[in-house]
Amino acid sequence: MRDYREIPMWAEVTPERWNDWRWQARNAVRDVAGLRQVLCLGREEEEEIARSLDRFQMSITPYYATLMDPVDPRDPIRLQAVAQGAEALEGRYEMADPLAEDANSPVPGLTHRYPDRVLFLLTDRCPLYCRHCTRRRLVGQPEETLPGHHVEAGLDYIEHHPEIRDVLLSGGDAFLLSDQRLEEILARLRQIPHVEIIRFGTRTPVVLPQRITPQLAGMIARYHPVYVNTHFNHPRELTPEAVAACGRLADAGVPLGNQTVLLRGINDCPVVIRSLVHGLLKARVRPYYLYQCDLSQGLEHFRTPISRGIEIIEMLRGHTSGMAVPTFVVDAPDGGGKIPVMPNYIVSMAPGKLILRNYQGRLCTYNEPVGGEDRTGGGVCSTCGTDHSGMAAQGVGTLFYDRSLTLDPVAPAPKGDSAPHRVLDSPTPIT
Ligand SMILES: *Cc1c(COP(=O)(O)O)cnc(C)c1O
Ligand code: SF4
């Protein structure tokens, strides 16, 4: 990490301003001319960057810029923030909206895919536009895709859907909103009796830790239970500033999780991920998900085989604290949702006995209890006293409890009263 005063354009900036998140957000590096002040760029590199900026904007907070190695083009911090020429290439399988978030969207900015929870995008702006952003069709586009007044419609939708018990506020970066605006939204959500938990998905602790002011943390604490999931991808992002930002949230009673995206040349390695997850636990952040990179536009150069993620989990599970091991998930294209994948631990089985293997490769047996209760085919469960056949409305589990022999796939129906809403009318132009 460099001292920002070594960078000529920021040499005169006082520490007060530097630590002011609004100053950081206003002074983000957005073009090649600005980048030239913080990195040593060759001519060819500059041209490449300029070319990819035609496709997707760049924005790098001054703070994050000081974490980049000025001379190494393969620096993992730099690769996450600075456009590369490869982004301008159209990948064979890429899609604007690989997760079909817009198709599952009953109102702009809100995706209702799972039965009891919604993803609610409050803004399309971020302090730093990650080069690997899955939502780049919306986020950081020159034209606003989420104007802000959509929030009212989203809150209304949640109010009218009593099955929603978990609201995930994301973006863009929800923490770019002012404390006052965030408090209005939290207060509204807390008035809805069926909303049990509220979660934020934000990268500000990583790219703009100054945003996590004691005031923000204190305000959030008034609306508990509120969870925050952040997005560290590399151990070098765990700077004293970032760790302190997480600490302020943890001190305010906010349980913290982390979602990492597996990125080629950045963190697709068990050594890097182990160091990251250990660092996260020290910062009181529990690793939550490790994501397979999505098929969004211009991400082909970041993608790894799914087997790389399985390899990483193999090298973590059992070898280190279980608390440190995230769930590796593939967010399936076309709205399939998150699918966990992991090494196989069941080696074989017969009625009454399982053969399992542990992390060392040792084969272990487990004898099943004799005469377990058969709950399949209906009847009242002796544990909870209800009939499970009425429990699950959908999913593989229904095969346990009703008399069906097969389960046929159903087309995911858009939730809500209105037709699916397309947030973007026209596809993002591909240059
Ligand atoms: C990830 C996601 C959620 C939350 O999923 P969890 O597994 O509960 O963390 C909810 N809605 C959408 C659309 C998502 O992509
Ligand atoms: S913080 Fe999230 S939404 Fe914003 S650019 Fe990064 S990945 Fe995309």
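No experiment lies behind these values; they were computed from the predicted model shown. One-based numbering, in listed order, for ligands and for the atoms of each.
- At a 3.5 angstrom cut-off on N or O pairs, Tyr289 counts as close to ligand 1.
- Ion pair Glu196/Arg117 not flagged as a salt bridge, since none of the NZ, NE, NH1 or NH2 atoms sits closer than 4.0 Å to an Asp/Glu carboxylate oxygen.
- Geometrically, Arg199 does not engage Tyr227 in a cation-pi contact defined by less than 6.0 Å to the ring centre and at most 45° from the axis.
- More than 12 heavy-atom neighbours from other residues, nucleotides or ligands sit within 6.0 angstrom of CZ on Arg190.
- Atom CE of Met1 has more than 12 neighbouring heavy atoms from other residues, nucleotides or ligands inside a 6.0 Å radius.
- Residue-ligand proximity, Leu168 to ligand 1, at heavy-atom distances under 4.0 Å covers atoms 3 (C), 4 (C).
- Below 3.5 Å of separation, one finds no N or O of Thr111 facing any N or O of ligand 1.
- Listed by number with element, the atoms of ligand 1 under 4.0 angstrom from any heavy atom of Lys338 are 1 (C), 2 (C), 3 (C), 4 (C), 5 (O), 14 (C), 15 (O).
- Of all non-hydrogen atoms in Cys269 and Ile312, the two that sit nearest each other are N-CD1, 3.6 Å.
- In plain terms, the two heavy atoms of Tyr157 and Val107 that are nearest each other are CB-CG2, 4.3 Å.
- Of all protein heavy atoms, the one closest to atom 10 (C) of ligand 1 is Tyr114 CD1, 3.6 Å.
- Within 6.0 Å of atom CE in Met219, more than 12 heavy atoms from other residues, nucleotides or ligands are found, so the atom counts as buried in its surroundings.
- The distance cut-off of 2.8 Å around atom 4 (Fe) of ligand 2 captures these protein N, O or S atoms, sorted by chain and number: Cys126 SG.
- Between Arg5 and Asp3 there is a salt bridge, since a side-chain N of the basic residue sits under 4.0 Å from a carboxylate O of the acidic one.
- Side-chain N/O atoms of Glu159 and Gln191 include no donor and acceptor closer than 3.5 Å.
- Scanning the protein for heavy atoms near atom 2 (Fe) of ligand 2, the closest one is His231 ND1, 4.4 Å.
- Below 3.5 Å of separation, one finds an N or O of Arg199 facing an N or O of ligand 1.
- Nearest heavy-atom pair across Phe232 and Thr260 is O-OG1, 2.7 Å.
- Atom numbering of ligand 1 starts at 1 in the shown order; those under 4.0 Å from a heavy atom of Tyr288 are 6 (P), 7 (O), 8 (O), 9 (O).
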